[in-house]
Amino acid sequence: METVSENASFGGVQGVYTHASDICGCDMTFGLFLPEEAKHGSVPVLWYLSGLTCTHANAMEKAGAQAWAARAGIALVFPDTSPRGDDVADDDAYDLGKGAGFYVDATEMPWSPHFKMWSYVSEELPSIVAGMGCDMERQGITGHSMGGHGALTIAMGNSGRFKSVSAFAPISNPCDSDWGQKQLGAYLGTDTDAWQKYDATVMMREGGLDAPLLVDTGTNDQFIDLLKPEAFAAAVAERRQQAVLRLQPGYDHSYYFVSSFMADHVAFHAEAMHG
């Protein structure tokens, strides 16, 4: 593993690191914020999964999460959103290929050799940060948009792993949305049954979640019809899932929205992980 940068931040350290990924078959980059408490032992860890077109850096630089994580004494992991490199397949569209991994394990060419973001985030990267001061017995997960989709589905697909789960404007029902059908079809093929383990609404209806859940979506979100929060809310109600689902008046899909409610989300996770 190579250290790209390390900067003092709110009494802790914000680092950026690269490593050769066996699962993705290329070099991957991630950000890791460690609070001051990490100097004296392992600390709880909150995963933040970013959205379409983002890298590890967007949330690291725009979400304002480090200040709140430092107060709570928890680490933050910022993975990339897709594999990168000259040999990695791409597409001219912004919503497919590099920057648009959708947190799935692709089975179709040309994507399958590298696009394994589900396994990368669920298996490989946790094994790395476990040796960097993160307490893997106390994990939470969150994300924005495509990353909110990833947070919800990875949490429901790894029962018992996370103490808390949240999302900002998640893509909630990709099997029934233009933000989903295109990508799942490309990465996984035409068998729609294979898509369902990556759909938060389907997963909520079929299995639910074994952790507290917080979801925020802005009422002025320009993509709200693609996110389908109402489908996910119906599945939560049908499942009688422990959850707080909030529609925030006037907010859009941007990082102004994310940073406005980051304090609430970090506090929500810190309460669950420290409790």
Side-chain angles (χ1 to χ4, degrees), residues 18-30 47 49-56 58 79-128 141 143-159 161 167 169-207 223 225-228 231-232 235:
T18 62
H19 70 103
S21 168
D22 292 333
I23 283 178
C24 294
C26 61
D27 288 346
M28 296 292 290
T29 302
F30 67 95
W47 294 80
L49 306 186
S50 290
L52 285 167
T53 76
C54 291
T55 70
H56 68 282
N58 294 70
D80 203 346
T81 56
S82 77
R84 310 275 176 177
D86 294 340
D87 296 332
V88 175
D90 200 9
D91 191 89
D92 290 337
Y94 78 96
D95 57 353
L96 191 68
K98 294 178 185 177
F102 247 75
Y103 304 99
V104 305
D105 283 350
T107 57
E108 300 296 303
M109 291 295 290
W111 314 107
S112 55
H114 300 288
F115 280 73
K116 305 289 187 182
M117 292 303 295
W118 173 280
S119 293
Y120 176 71
V121 172
S122 297
E123 300 171 15
E124 188 172 23
L125 192 52
S127 70
I128 292 173
I141 191 168
H144 174 227
S145 192
M146 179 185 75
H149 143 79
L152 293 173
T153 57
I154 287 173
M156 284 188 275
N158 290 275
S159 180
R161 178 175 298 188
I171 299 172
S172 299
N173 191 196
C175 288
D176 195 32
S177 171
D178 288 343
W179 264 5
Q181 292 177 336
K182 172 185 176 179
Q183 294 84 358
L184 297 179
Y187 295 141
L188 304 174
T190 58
D191 180 6
T192 56
D193 287 343
W195 301 3
Q196 295 189 8
K197 66 177 181 179
Y198 300 113
D199 187 304
T201 295
V202 173
M203 296 177 76
M204 176 60 68
R205 189 175 293 121
E206 292 183 352
F223 305 113
D225 290 339
L226 297 170
L227 305 177
K228 296 193 173 294
F232 186 67

For [X], give me all partners under ring pair (Phe, Tyr, Trp, His ring centres under 6.0 Å), at least two apart in sequence or on another chain.
X      : value
Tyr198 : Trp118
Tyr103 : none
Trp47  : none

On a heavy-atom basis, which atom in [X] and which in [Y] lie closest, and how many Å separate them?
X      : Y      : value
Ser21  : Tyr120 : OG-CD1, 3.8 Å
Ala169 : His144 : CB-CD2, 4.3 Å
Leu188 : Ala106 : CD2-CA, 4.3 Å
Leu125 : His19  : CD1-NE2, 4.4 Å
Gly99  : Ser82  : N-OG, 2.7 Å

Item to complete: Count the heavy atoms of every other residue, nucleotide or ligand shown that sit under 6.0 Å from CG of Asp27, and state whether that count exceeds 12.
Response: yes

Practice prompt. With sequence neighbours excluded, give me every salt bridge (charged side-chain N to carboxylate O under 4.0 Å, His left out) pair touching residues 111-125.
Written response: none

Response to the item:
Quick note, salt bridge (charged side-chain N to carboxylate O under 4.0 Å, His left out) partners involving residues 82-93, not counting sequence neighbours, are Asp80-Arg84

For [X], all residues meeting side-chain contact (heavy atoms from CB on, under 4.5 Å), sequence neighbours excluded:
X      : result
Asp176 : Asn173, Gln181, Lys228
Val202 : Gln196, Asp199, Glu206
Asn58  : Cys54, Thr55, Lys62, Tyr255

Minimum side-chain heavy-atom gap [X]-[Y] below 4.5 Å:
X      : Y      : result
Met146 : Ser50  : no
Leu227 : Pro170 : no
Phe115 : Val88  : yes
Cys175 : Leu184 : yes

Expected output: side-chain [X] to main-chain [Y] donor-acceptor under 3.5 Å:
X      : Y      : answer
His114 : Cys24  : yes
His149 : Ala200 : no
Arg161 : Ile154 : no

For [X], what residues pass the side-chain hydrogen bond (donor to acceptor under 3.5 Å, both in side chains) criterion, not counting sequence neighbours?
X      : result
Tyr187 : none
Lys182 : Asp95
Ser119 : Asp105
Trp179 : Tyr94

Discussion item. Can you tell me how far apart CD1 (Ile23) and OG (Ser127) are? Round to the nearest 0.5 Å.
Written reply: 7.5 Å

Worksheet entry | Test side chain to side chain contact (heavy atoms under 4.5 Å, CB included) applied to Ile141 and Asn158, Leu49, Leu152, the passing residue | Leu49

